[in-house]
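Chain naming here is simple, since letters A, B, ... match the order of the sequence lines and numbering starts at 1 in each.
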Amino acid sequence: MDKWYMQNAEQSDTVISTRVRLARNVSDLPFKSKITKKQMIELNERVKSALENINFGDNSFDFIALDSISEVERISLVERHLISSNFANNPENKMLVLSKDNSISIMVNEEDHIRIQVLSNGLNLEKTYETCNRIDDLLSEQLNFAFDEKLGYLTACPTNLGTGLRASVMLHLPGIEKSGGIPQLIKTVSRLGLTIRGSYGEGTKSVGSTYQISNQVTLGLSEKTAISNLSNIVAKILSTERATRNEYLGGNIQLEDQIFRSLGVLKYARLISSDEFYENASNVRLGISEGVIKETTISALNELMNLVGGATICARERKMLSPEERDKIRAKVIREKLA
Amino acid sequence: MLCERCGKHQATTILTQTINGVSKTEHICSECAYKSGINDFFGGFSLGSFINSLGGVQNYSEKRCPKCGSSFDEIRENGKIGCASCYSFFKDELLPTISNIHGKALHVGKTPHGFIKRIEEKSETPKPKKEISEIEKLRLELQKAIESQEFEKAASLRDKIKELEAKQ
């Protein structure tokens, strides 16, 4: 089965991926700060038995005891956005439920008892939420979730109370970034109850022009409203991004030069750090989206993003590598993919 | 160059953080970068300090949740609630924080399997309809503004709502 990032994507000229997660806790066990070892193991068993007999066709689940895999494999899961670093750092008695295509990952015993996450390629908010919702329904039939009529789903941190829903979209915004529009965008978005941040670092400068936008408010808004608010604002940002690109790209030989130089680096370099990859892949992505580069695809870049993380490379090679060794293998993987 | 934090490994990441306009740059290794949670797709912000500032200086230590044994001081300290019962037990202490984060402290989303029935059984007499408050009116307008993509208007409505909420 193709991994999620190889599947069909909408609006992939400006959107990299969509993620939806739901936070849930069972009503009869203490939350993370008070839960005992024994109770954690019991919770893993309960979630496992609730999901074990459900037929997801080809996309069946693996149940992974987090302390049964190596540290480098755990960091690789973080690099591929499948688990949080907090979850990876403290693996004792934790369980990850992962679908074959990696689109569904359920962290058991994270900050909340259960974190259901669904990832999709490109912009796909409604369907991604639907999948997440379906898994929540299935779990809810077997487990008694902590819920209050007024406060909604009860969570370990009050920021997630209510729907427990966090929906986010990873945007590629080189146009707005080049035109200096990011600070204004951040200001406007935060006034609308959403947050936006550089995907590979904090603050206003992001590696590879990628920005993650997500809803902040979870109480007093239905899931549907939260998703449609986000969706409307993303649509607006994307139209601004496209307009800016049109303005900047037409006959801009410097930019075209930059795009092709980046393609050159990715195709021929012998050592590439991960930041260098992200910066150049961003230019190439822009080139493909705008029809300047025709010899490779966005899908190939999306696949590379999931193959070239430092820990992911070490995990594949089954040994710890020095930064230079990693850079060498990374360059080779990229070269072969783009050949 | 060696990592400025652990001094052991080669620095591969340049971390620039801007807090309140002051930028600080560090060269760190990938292990330290990973440990500090950079690149964490899941990262949010911790609420511990937030709850702390709202809890004031009162001493709550004598009161403990009968189910999990948490005191409000513990909750303030780590920003995490002890168990589901804490929410009703420390309701008065937590509600101001909750309203501060979300504005409106009333859930309108999904209910878990089997819960709808429990509410229906409880509410035999329908509640009289309340008049719509000024804030609720503004919230409806905000919703409309977002739907029709009038973001400038939405932003100013949101500011107004914040102002009114602050007065309450």
Side-chain angles (χ1 to χ4, degrees), chain A residues 19 25 27 29-34 75 78-79 81 84-86 89 111 133 137 140-141 145-159 161-163 165 188 191-193 199-205 212 217-223 225 228-229 232-233 235-236 273 310 323, chain B residues 10 12-18 29-30 34-35 37-47 51 67-70 74-75 78-84 86-88 94 97-98 101-115 119 139 143 146-147 149 151-152 154-155 158-159:
Chain A
R19 177 176 82 110
N25 290 278
S27 58
L29 294 176
F31 293 168
K32 191 193 171 193
S33 59
K34 287 281 168 182
I75 305 174
V78 178
E79 283 176 351
H81 303 322
S84 63
S85 59
N86 193 18
N89 276 330
E111 178 183 301
N133 191 35
D137 284 343
S140 170
E141 280 168 24
F145 285 147
F147 183 82
D148 175 272
E149 216 174 316
K150 288 207 172 91
L151 298 176
Y153 288 93
L154 302 176
T155 50
C157 183
T159 37
L161 273 178
T163 57
L165 169 84
T188 312
R191 283 167 81 194
L192 294 167
S199 297
Y200 294 95
E202 292 292 330
T204 52
K205 179 79 183 88
Q212 193 192 341
V217 176
T218 52
L219 190 57
L221 282 181
S222 70
E223 291 83 357
T225 310
S228 81
N229 283 354
N232 286 333
I233 290 158
K236 176 85 180 161
S273 71
Chain B
Q10 192 181 330
T12 55
T13 302
I14 302 169
L15 172 66
T16 307
Q17 282 183 306
T18 307
C29 68
S30 49
Y34 164 68
K35 275 181 196 142
I38 304 164
N39 290 6
D40 191 349
F41 197 52
F42 296 80
F45 50 93
S46 161
L47 261 184
I51 295 186
K67 200 163 167 211
C68 72
S70 289
E74 281 177 62
I75 294 174
N78 58 21
K80 302 284 186 284
I81 312 298
C83 72
C86 290
Y87 275 107
S88 47
L94 286 169
T97 309
I98 294 168
I101 304 166
H102 297 284
K104 197 173 178 181
L106 185 66
H107 179 60
V108 291
K110 185 180 178 179
T111 51
H113 185 80
F115 192 82
I119 298 173
R139 281 206 185 96
Q143 193 53 43
I146 293 175
E147 272 160 23
Q149 306 205 354
F151 297 108
E152 282 303 314
R158 205 183 152 79
D159 290 347

If the condition is salt bridge (Lys or Arg N to Asp or Glu O under 4.0 Å), which residues does B:R158 pass it with, not counting sequence neighbours?
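Salt bridge (Lys or Arg N to Asp or Glu O under 4.0 Å) check on B:R158 returns nothing, list empty.
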Using salt bridge (Lys or Arg N to Asp or Glu O under 4.0 Å) as the criterion, list what pairs up with A:D148, not counting sequence neighbours.
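With sequence neighbours excluded, A:D148 shows a salt bridge (Lys or Arg N to Asp or Glu O under 4.0 Å) to no residue whatsoever.
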Using every non-hydrogen atom in the two residues, find where [X] and [Y] come nearest and quote the distance to one decimal.
X: A:P30; Y: B:C83; answer: CA-CB, 3.9 Å
X: A:S33; Y: B:N78; answer: CB-ND2, 4.0 Å
X: B:I101; Y: A:P158; answer: CD1-CB, 3.9 Å
X: A:L221; Y: B:Q143; answer: CD2-OE1, 4.3 Å

Below 4.5 Å, heavy-atom pairs only: which of A:L161, A:T225, A:T188 has the largest tally toward chain B?
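When all of A:L161, A:T225, A:T188 are compared, A:L161 has the most.
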Could you tell me which of A:G310, A:A235, A:G162, A:A156 has the largest number of non-hydrogen atom pairs under 4.5 Å with chain B?
A:A156
Any donor-acceptor pair under 3.5 Å from B:Y87 side chain to A:F147 backbone
no
Give a yes or no on whether the backbone of B:P112 and the side-chain of A:S140 come within a donor-acceptor separation of less than 3.5 Å.
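The answer is no, because no donor-acceptor pair under 3.5 Å joins these two groups.
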What part of [X] gets closer than 4.5 Å to chain B, counting heavy atoms only: side chain, backbone, both or neither?
X: A:P323; result: side chain
X: A:T163; result: both
X: A:L165; result: neither
X: A:N229; result: both

Under a 4.5 Å cut-off applied to non-hydrogen side-chain atoms, are A:K34 and B:S70 in contact?
yes
Flag side-chain contact, heavy atom, 4.5 Å: B:H107 against A:L151
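Of all side-chain heavy-atom pairs linking A:L151 with B:H107, none is under 4.5 Å.
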When rounded to the nearest 0.5 angstrom, what is the spacing between [atom1] in [X] and [atom2] in [Y]?
X: A:L154; Y: B:I81; atom1: CG; atom2: CD1; result: 9.5 Å
X: B:F151; Y: A:I233; atom1: CZ; atom2: CD1; result: 5.0 Å
X: B:K110; Y: A:D137; atom1: NZ; atom2: CG; result: 3.5 Å

Out of B:G109, B:S88, B:C86, which one racks up the most heavy-atom pairs below 4.5 Å with chain A?
B:G109
Whatever's closer than 4.5 Å to a heavy atom in chain A on B:I98 counts as side chain
